Each structure stands twice: as C-alpha cells, then as structure tokens.
Amino acid sequence: MEGVSFTQTDRDRESSYTENLIGTLLAIFGNLLISISVSIQKHSHVALAGTKDPRHFYRTKTWWSGFLLMLVGEGMLFVSYAFAPLSLIAPLSAVSVIASCILGFLFLREKWKPKEFLKRYILSFLGCALTIGGTYLFVTFGPNSHEKLNGENIVKHLIGWPFLLYLLLEIITFCLVLYFYKQRSANYLVLILLLVALLGSVTVITVKAVSGMVVLSIQGSLQLSYPIFYVMFVCMVATIVFQASFLAQASHLYDSSLIACINYIFSTVFAVAAGAIFYLEFNHEDVLHICMFLLGCAVCFLGVFLITKSKKKAKAFEPYVTMDMVKGIPTIHEKGLAVQPDYNGSFSYGALVNNDSVAPVALPPVNHENLAVTPGHGHPYQTTELKKD
C-alpha cells in the first residue's frame with residue numbers, strides 16, 4: 001500500500017514538473033514573440049516615416065505581420081497561466097526586456113556615441129547576464145503547486161479570508177493613491193505605476209482563473225456554465241483597460257525606460273503576492289526554496305534596472321526662443337504667462353508640440369493687391385520704372 005502511494009506521489013510530482021515546464025516555455029516564447037512584434041512594428045513606423053509613402057502604418061504588410069506575432073505571443077502567454085503557477089509566470093516578463101535590448105541593438109540598429117559605447121555596452125550586457133541568472137534561479141526554485149482551476153475551487157479561494165483581507169487593503173490603498181493623484185495633482189511616477197500594479201494584481205488573478213477554466217473546458221470538463229467565469233472575465237477586461245489608461249498617462253510624463261523598470265518591479269511584486277495569497281502557491285514550499293526564489297527575483301530587478309539605465313535618453317530641446325533667453329529682457333514665465341506652449345518631450349517637423357488633438361492655426365488671408373510697391377514721398381522713382389527693371 002505504501003509502495004502504491006509512493007508511486008502515485010512520484011507521478012503527481014512528475015506531472016507537476018511537466019506542467020511547470022510547459023507553462024514556463026510558453027511564457028518565455030510568448031514574451032519573445034511580443035518583443036519581436038513590437039520591434040517589427042517600430043521598424044515599420046520608422047521605414048514609413050523616412051519615405052514619401054502617403055499610406056497609413058496600418059496599411060503596410062510589415063505592421064500587420066508584427067500585429068499577428070503579437071496576438072500569437074499574447075495567446076501563448078495567456079495559456080501559460082493555466083499550466084504554471086502565477087508566481088512563476090509573472091517575473092518572466094523580464095525576457096521581453098532582454099529581447100528588446102538585443103533587438104534594439106541588432107535589428108533596429110540603435111547606435112551609441114563612441115565615447116559612451118563601452119560604458120553602455122557593459123551596463124546593457126551585464127544587466128542581461130544578471131537577468132538571465134535571476135530567471136534561472138526563480139524558475140528552478142519557484143513554486144510547484146498545481147490545482148484544477150474549476151468553478152468550485154475558484155469560488156473557494158475567492159471567499160477565503162486571506163484574499164478578502166488582501167482585497168480590502170488593496171482597495172483602500174488604491175483609493176488613497178488615486179485621491180492624491182487626481183485631487184492633489186501628485187503626478188509622481190511611483191504613484192501612477194503603483195495604481196497600475198494594484199490593478200495588475202487583480203488582472204493576473206483573473207487571467208489565471210479564466211485561462212485555467214478555458215483549458216479545462218477544452219479538455220472536456222465544461223466550466224463556461226459557472227457564473228464565476230464571466231465575473232472573472234469582466235474583471236480581467238476592466239482592469240486591463242484601466243492599466244492601459246494609467247500607463248498612457250505615465251508615458252506622456254516620463255521616459256519609457258524608467259517606466260519599464262519601475263513597472264516591472266512593482267507588477268512582479270504584486271503579482272507574486274497575489275499568487276501567494278489567492279492561489280496559496282507557497283504553502284507547500286520550504287524556506288530555502290522561497291529564499292532562492294526571492295533572490296532570483298531581486299537579481300532580475302537589478303538586471304532590468306541596469307538594462308533600462310543604459311538606454312540613451314533624449315536631450316532636452318526647445319523648438320522656440322523664450323523671453324528669458326535674452327539678457328536685459330524680463331521673463332514673463334514666472335507669472336504663468338507663457339508666450340508659446342511648453343515642450344512636452346517630443347518634436348515633429350512643422351509643429352511646436354506633437355499633439356494631434358490640437359488643430360493647427362490657420363494663417364490669415366493675404367491681400368495680394370497690398371503687396372505692390374508704392375513710392376514714398378521722398379523717393380525719385382515711379383512705380384512704372386520699377387516694373388521695367
């Protein structure tokens with residue numbers, strides 16, 4: 001009897017390791033495809049901007065090929081949540097950071113200045129090495145808990161007191177941060193990305209629930225009849241939309257590399273916490289495995305920080321002359337009266353600010369009759385003589 005139980009335990013353990021491997025590979029290749037698709041779409045935009053082609057970007061084959069690759073990558077990432085633990089899939093988004101760094105150097109041919117090449121080269125590839133090492137650590141020592149995500153189990157986790165307490169604290173924190181961000185105009189990057197991470201923790205919980213129930217339905221155990229499936233699906237879509245909105249607001253105020261670094265750290269921390277509280281993924285793990293897993297995540301954080309730190313930042317540039325540039329002329333900017341709109345980080349040819357929502361000012365009509373040369377009172381020449389010349 002003990003031999004039969006031991007054999008069954010070995011089979012379950014082997015099956016869990018196989019599912020972990022499938023989920024990990026799906027997440028890695030999904031993140032790689034997403035990075036490649038973004039690079040292809042960026043290449044399409046750059047190539048189209050450098051020509052006189054009047055077509056829009058969405059009418060090019062290159063952009064659509066990148067879009068299809070993105071859909072495939074997102075689909076693989078979505079399915080990976082059904083096989084591997086949430087705490088194992090969430091930190092693997094560092095793979096996309098590594099891929100973007102390498103593709104930006106090779107595929108998009110991003111160049112660096114000769115004086116800064118060695119410094120940037122060392123930081124980038126040191127960050128890649130640290131991220132790869134950290135990924136190996138948290139994948140090797142990550143949680144190995146697996147559970148059939150049917151409707152009953154999800155409802156049981158949803159009404160459990162650990163998650164209800166976590167959800168209450170998260171709602172209170174979200175409301176406080178949103179109050180300072182909206183009412184007190186505290187447009188700090190940390191606050192905006194904290195809102196994104198709080199929403200992201202709910203997103204990953206719902207994504208794993210929806211993905212697991214869809215996979216079980218495909219395998220023959222229909223789960224679409226449970227109301228909890230549709231509740232999770234609506235929450236998933238809503239939190240994704242609000243995350244995209246806050247990220248768009250952050251991208252208008254701060255550098256994209258800084259956003260990528262802080263967002264990865266915050267999102268990973270809250271996603272791991274959500275997996276540990278909602279799905280109880282670390283309940284059967286020993287202290288050594290948990291410490292090594294956390295060490296791997298910390299090494300990944302450092303690697304991503306080095307990769308994003310080595311990105312070339314755009315130089316500050318003002319496309320117009322301000323009143324305070326000339327000595328002896330008092331500036332009016334201190335009184336809040338700007339002569340021309342401030343530069344917001346991007347510049348396009350023919351416009352002071354790259355803002356599509358602002359309509360260009362039309363020039364007043366020119367009266368060509370008033371452009372004729374008229375002789376002055378003291379001028380010896382007549383108009384007819386000037387026309388002859």
Side-chain angles (χ1 to χ4, degrees), residues 15-35 37 68-96 138-139 142-160 163 166-167 196-244 267-268 270-283:
S15 176
S16 64
Y17 281 124
T18 303
E19 291 182 358
N20 266 18
L21 180 61
I22 294 174
T24 302
L25 292 178
L26 285 173
I28 290 174
F29 285 109
N31 283 304
L32 283 176
L33 286 179
I34 292 172
S35 299
S37 67
L68 292 177
L69 279 179
M70 179 177 290
L71 290 180
V72 175
E74 292 288 353
M76 296 175 67
L77 195 59
F78 176 78
V79 176
S80 67
Y81 282 95
F83 290 94
L86 173 59
S87 304
L88 187 60
I89 298 298
L92 284 174
S93 57
V95 175
S96 63
F138 72 71
V139 168
N144 194 29
S145 61
H146 292 272
E147 182 183 19
K148 294 295 182 181
L149 295 179
N150 51 32
E152 291 88 354
N153 289 334
I154 293 176
V155 171
K156 181 181 67 176
H157 290 301
L158 190 63
I159 62 176
F163 176 70
Y166 172 77
L167 187 62
V196 175
L198 290 171
L199 290 171
S201 65
V202 179
T203 301
V204 291
I205 289 174
T206 55
V207 167
K208 184 173 178 61
V210 172
S211 177
M213 296 179 76
V214 168
V215 170
L216 282 179
S217 300
I218 295 174
Q219 292 175 350
S221 178
L222 186 62
Q223 302 293 318
L224 304 184
S225 59
Y226 289 94
I228 190 62
F229 173 81
Y230 301 98
V231 172
M232 289 292 185
F233 182 81
V234 171
C235 292
M236 178 184 71
V237 175
T239 52
I240 289 175
V241 170
F242 282 109
Q243 280 187 85
S267 299
T268 301
F270 280 92
V272 172
I277 295 172
F278 188 87
Y279 293 106
L280 307 176
E281 294 177 345
F282 291 93
N283 277 12

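The structure displayed is predicted, hence computed values, not measured ones. Every heavy atom of this structure was used, including side-chain atoms; hydrogens, water molecules and symmetry mates were not.
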Anything under 3.5 Å between a donor and an acceptor, one on a side chain of residues 72-81, the other on a protein residue two or more places apart or in another chain? List them.
unit_1, atom_1, unit_2, atom_2, d
S80, OG, L77, O, 2.5

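Distance check: T268 OG1 to L92 CG gives 9.5 Å after rounding to the nearest 0.5 Å. To the nearest 0.5 angstrom, L167 atom CG is 10.5 Å from I277 atom CD1. Rounding to the nearest 0.5 Å places SG of C235 at 8.0 Å from CD1 of I228. Rounding to the nearest 0.5 Å gives a distance of 12.5 Å between CG of N153 and CG of L158. Between atom NZ of residue K208 and atom CZ of residue F83 there is a gap of 10.0 Å, rounded to the nearest 0.5 Å. Taking CG from L216 and CG from L224, the interatomic distance works out to 10.5 Å, rounded to the nearest 0.5 Å.
Note: H157 and F278 have tilted aromatic rings, judged against thresholds of 30 and 60 degrees for the angle between ring planes.
Looking at N31, its side chain does come within 3.5 Å of a backbone N or O of A27 through a donor-acceptor pair. Remark: side-chain polar atoms of S217 are paired, donor with acceptor, to backbone N or O of Q223 under 3.5 angstrom. At least one donor-acceptor pair closer than 3.5 Å links the side chain of S37 to the backbone N or O of I34. A donor-acceptor pair under 3.5 Å is absent between the side-chain atoms of E147 and the main chain of Y279, judged by distance alone.
In terms of heavy atoms, S87 sits closest to A276 at OG-N, 4.2 Å. The shortest non-hydrogen separation linking N20 to P85 is OD1-CD, 3.0 Å. Considering every non-hydrogen atom in both G142 and L88, the closest pair reads CA-CD1, 4.4 Å. A pairwise comparison of heavy atoms in I154 and M213 identifies CD1-SD, 3.4 Å as the closest pair. Contact detail for A274 and S201: the closest heavy-atom pair is CB-O, 3.8 Å. I240 and T203 make their closest contact through CG1-CG2, 3.6 Å (heavy atoms, listed as atom of the first residue, atom of the second, distance).
Crowding of F233 atom CZ: a count of heavy atoms from other residues, nucleotides or ligands under 6.0 Å not exceeding 12. Heavy atoms of other residues, nucleotides or ligands lying less than 6.0 angstrom from CZ of F29 number 12 at most. Within 6.0 Å of OH in Y166 there are more than 12 heavy atoms belonging to other residues, nucleotides or ligands.
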- [ ] Would you sort out whether F282 and V272 count as a side chain to side chain contact (heavy atoms under 4.5 Å, CB included), showing the intermediate values?
- [x] CA-CA 10 Å; F282 291 93; V272 172; 4.1 Å; yes

